[in-house]
Amino acid sequence: MKKGAASANNCSDVDGYRVYYKTGYLGHSQSIPHYYGCGSSTNLDSTLKNNNASSHFA
């Protein structure tokens, strides 16, 4: 099932958060940078916007 997210926020102390197009961490992906204090979010690129299926900390 695809998620309808247009942006992502990496608020964790762990760097290396990625969002993927397909389930199982496959296909096109985008790295989401770590923002101290969770003050900002990153817009997903046109391939992933409203069409992302999995994500994880790498």
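Computed from a predicted model, the values in this text were never measured in an experiment. Positions are given from 1 along the sequence.
Here the straight-line distance linking atom SG of C11 with atom CD1 of I32 works out to 11.5 Å at 0.5 Å rounding. Rounding to the nearest 0.5 Å places CG of N43 at 12.0 Å from CG of L48. In this structure, CD on Q30 lies 12.0 Å from OG on S55, to the nearest 0.5 angstrom. The structure places OH of Y21 at 10.0 Å from CG of N52, a figure rounded to the nearest 0.5 Å. Within the model, atoms CG of N10 and CZ of F57 stand 5.0 Å from one another, a figure rounded to the nearest 0.5 Å. Interatomic distance, R18 CZ to S54 OG, rounded to the nearest 0.5 Å: 11.0 Å.
Between K22 and A53, the shortest heavy-atom contact is C-CB, 3.6 Å. Pairing each heavy atom of A5 with each of L44, the nearest pair is O-CD1, 3.5 Å.
With sequence neighbours left out, S40 forms a side chain to side chain donor-acceptor pair (under 3.5 Å) with no residue at all. Residues forming a side chain to side chain donor-acceptor pair (under 3.5 Å) with H34 (at least two apart in sequence, or on another chain): none.
For the pair K3/V19, no side-chain contact is recorded, criterion being any heavy-atom separation below 4.5 Å from C-beta on.
Of the candidates Y17, Y20, Y25, H56 forms a side-chain hydrogen bond (donor to acceptor under 3.5 Å, both in side chains) with just one, namely Y20.
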